[in-house]
S.K.: 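Sending over a structure as structure tokens; questions will come in a sec.
Computation of the quantities below employed the complete heavy-atom set of this structure, encompassing side-chain atoms and omitting hydrogens, waters and symmetry-equivalent molecules. A note on names: the letters A, B, ... follow the listed sequences, proteins ahead of strands, and every chain is numbered from 1.
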Amino acid sequence: MSIADKSSKLQDTPTGQTLQQLFAEVVFNIPLNKLFHYSVPPDLRELLTPGMRVKAPFGNKVITGFCVGLTTIPSVYKTKDLMGILDAFPLADETMLRITKWLSSYYCCGWGEAIHAVIPPVVRRGAKEKIDIFVTCGKPLTAFEKETILQSKKRAIKQAKVMEFLFNQAQNTEIRAKELMKATGGTMSMLRQLERENLLQLEERQADAVNAQKGGAPVQHLALSEEQQAAFTLIKEKLAEPSQGIILLHGITGSGKTELYLQTIAKLLEQGRKALFLVPEISLTSQSIQRIKERFNNVAVLHSHLQGAFHHAQWKDIKEGRVDVVVGARSSIFAPLKDVGLIILDEEHENTYKQENSPRYNARDIAILRATYENAMVILGTATPSLESYYEAEKGNYTKIVLSKRIGTLQLPQVEIVDMLEEVRKKRGYHVVSQRLEYYMKQALSRREQVILFLNRRGFTPYIHCKRCGFVLKCHRCDIPLTFHKKLNIVLCHYCHAEAIPPESCPDCMANYINYRGFGTEKIEEVIAKKFPGYNILRMDSDSMRSHGSHEKALKAFGEGEFQILLGTQMIAKGLDFPNVTLVGVISADTMLNLPDFRAGERTFQLISQVAGRTGRGQKGGRVIVQSFNPRHYSITYAAAHDYEGFAKKELEYRRPLNYPPFGRMARIIFRGASEKNTEEKASVIAGKLKEIAKESNNQLQILGPSPAPVMKINNLFRWHLLLKAKDHQRIHDALLCVADTLKPTKGVQSLVDVDPYMML
DNA sequence: AGCACGCCGACT
DNA sequence: GTCGGCGTGCTC
Ligand SMILES: [Zn+2]
Ligand SMILES: [Zn+2]
């Protein structure tokens, strides 16, 4: 314990200089937005830089914290000494400290929590650097010399095998010792023995994390279309300006956005700066990731569930400037690149950019923030801009660039909406496949073309109910109907994954009138198999694609024509590019439309547009059939007409009077607890306080609720929520700050604050 | 978040 | 009379 009084404020250094006592500002990974000051002992003084992790006594134990700053003025009289420094270099640079501070303020979490969320776990754990052993043949040998060696090893079969394997490799190529041993059955001691005999060379070094393509010229740029060229010219102009700003690149599917991204990256790299490329999710089948890797040399593809050591090495490579382009999903926005000049968000509207646990940030907003801090350009690319981005562009805050033409002679597919109510009347009863869809499927299949069917619901039937008393079978832990899975013969909760045996009679009234109602992908598969015997159906949903690599394998098989019909959920909605697919059927466009969410219409429009983009990718053209019980809903009709502008105008018209984003801002507080009563109570206490603040604000702030969340119970926890709505975010922020201390968990009820929420369930 | 301190019910 | 429940407050 050092006392910050006059006598100890000065310390003597070995050189005799007298230095003022220095204090470290430290934050911890706890839900507490508070700085703690620690005195820096003389021996640590030279080593400590903000951004490093430190060991500090906290309460009666020693924990790890982050140093976020240094000061000579402590906030308290008594300060404890720092006990150690964990890093030789700061894990977070100045920009990252600024960003995390902003995160903690904006999303209502501790600064320490924000930093914690931004540093990959492997880096925090300080994974030992992965050392690989590489084997090479050494000097070139003639065929005769090789033969002599093999002869001399006649009695050491395994050794001969190793040497033979090496000889069969191309001259001077290296192979990982592990791979070599796996292929030949050799052991490490064997390799060491061969090394001693000078028959091979072993080199121990850190595995390369970067996509280093030694030699082999990168793939050349493609020629740009007239429209692309105009867009590129504009981007280049913006790039040359001192503050480059934000570009909304609105390009329909197939208009060549990726090529523009790539050439812009190339332009930026010429300036010696680095680029960050964000994608909604990293999938091995992604075309754009493949194209980036073949176009540039030092590309790092960040994979969130990557091998620890590899990830650590990759992170270091990025930090130390050996990487030019970082590609990754949401959390890659925090990649420790120095001097980022360009941040690209592909499919900007995707909700995967929003993190659904604390800090609940949106990578799109962080990208814009980071770009202003680092003076970088942001390109938001999409075929269906989020209304937030569209509106910013309309206001002139973003530069909008439109690519309205498909590359080459490709035509947009023709979209036909089928009124399912009409269908019910015509066919007397409900059929999941309409006559129109069946007709076009027959046509396409008879021409040996392929069909994609989309349904955003897995399982066999989503409801199990009693025809006599109306009882609906629900999960005993959640307020959610159970889904019947036929193949596994279980009923499953899609929220908590609880499973049960399908009932044969009503659990409530014992009647034998159990009805399995509705349809999921599993049932559609059965229906289609009956209707189209002799065709191979590939079903892709999280049930059928559970094992590793099955996703890639399945798509490859479909691409090679092994299957004629591909049926699946969300997972087949994006990115697929199969020229032989001439028909896409949307089994139900209503699944999202009926959700209690003000973005339901926007989501429906995006989904139909995205799914429609899976066809018309070849010379044979394409057609889309959209089945709906709301065939005249504007989200569906505008999507069918490929009219984004029309949709956006209509949707904005609906949101404006209600002050929904983009006109207003929102935050949501979710309360959850084991006791229904306590949960409700807590929600109304907080709501009461907020409503008082709202009253003072002259109705600038609105409080909606408290009310039970649309899903009232998940995993035995009851859920209530309330919404804050205001014209500007500051009001919401101030209000949240006022109630912040009452949001701590009490009586087993916790409160979760979600600023700019996406999920409303 | 942990952890200590503190104040009221049901146990030896 | 004590053991332990978890409500409140603090951590440089
Ligand atoms: Zn459940
Ligand atoms: Zn019943």
S.K.: Within the structure shown, what part of the strands sits under 4.0 Å from A:Asn29 by heavy-atom distance: base, sugar-phosphate, or nothing?
M.R.: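 Contact class for A:Asn29: none.
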S.K.: Would A:Asp543 and A:Arg458 pass as an ion pair if we require N to O under 4.0 Å?
M.R.: yes
S.K.: Taking NZ from A:Lys744 and P from C:dG9, how many angstroms apart are they, rounded to a whole number?
M.R.: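 Taking atom P of C:dG9 as the reference, NZ of A:Lys744 is at 8 Å.
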S.K.: Should the pair A:Glu388-A:Arg599 be classified as a salt bridge under the 4.0 Å nitrogen-to-oxygen rule?
M.R.: yes
S.K.: Identify whether any heavy atom of A:Tyr38 sits under 4.0 Å from a base atom; if not, whether one sits that close to sugar-phosphate; answer base, sugar-phosphate or nothing.
M.R.: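 A:Tyr38: backbone/sugar contact only, no base atoms under 4.0 Å.
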S.K.: Counting the atoms with a prime plus P, OP1 and OP2 as sugar-phosphate, which does A:Lys61 contact under 4.0 Å by heavy atoms, base, sugar-phosphate, or nothing?
M.R.: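 It contacts sugar-phosphate atoms only.
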S.K.: Specify the separation, in whole Å, of atom NZ of A:Lys682 and atom C1' of C:dG7.
M.R.: 12 Å
S.K.: Phosphate oxygens OP1/OP2 of C:dC12: is one of them under 4.0 Å from a side-chain N or O of A:Lys80?
M.R.: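 A:Lys80 to C:dC12 OP1/OP2: side-chain N or O found under 4.0 Å.
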S.K.: Determine the contact category for A:Ile63: base if any of its heavy atoms lies under 4.0 Å from a base atom, sugar-phosphate if only primed atoms, P, OP1 or OP2 are that close, otherwise nothing.
M.R.: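 Nothing: the residue A:Ile63, judged by heavy atoms under 4.0 Å, touches no strand.
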S.K.: Using every non-hydrogen atom in the two residues, find where A:Gln21 and A:Ser39 come nearest and quote the distance to one decimal.
M.R.: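 Result for this residue pair: NE2-CB, 3.3 Å.
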S.K.: How long is the line joining CD1 of A:Ile115 and C1' of B:dA1, in whole Å?
M.R.: 16 Å
S.K.: Using a strict cut-off of less than 4.0 Å between a Lys/Arg side-chain nitrogen and an Asp/Glu carboxylate oxygen, indicate whether A:Asp728 and A:Arg665 qualify as a salt bridge.
M.R.: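 Looking at A:Arg665 together with A:Asp728, the answer is no, because their closest N to O distance does not fall below 4.0 Å.
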S.K.: Measure the distance from CD1 on A:Ile30 to P on C:dC12 and round it to the nearest whole Å.
M.R.: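 Rounded to the whole Å, the gap is 10 Å.
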S.K.: Mind calculating the distance between CG (A:Asn60) and P (C:dT11) to the nearest angstrom?
M.R.: 12 Å
S.K.: Report the distance from atom NZ of A:Lys34 to atom C1' of C:dG9, rounded to the nearest whole Å.
M.R.: 11 Å
S.K.: OH of A:Tyr77 versus C1' of C:dT11: gap in Å, rounded?
M.R.: 20 Å
S.K.: Using atom CZ of A:Phe58 as one end and atom P of C:dC10 as the other, report the distance to the nearest whole Å.
M.R.: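 My rounded result for the distance is 13 Å.
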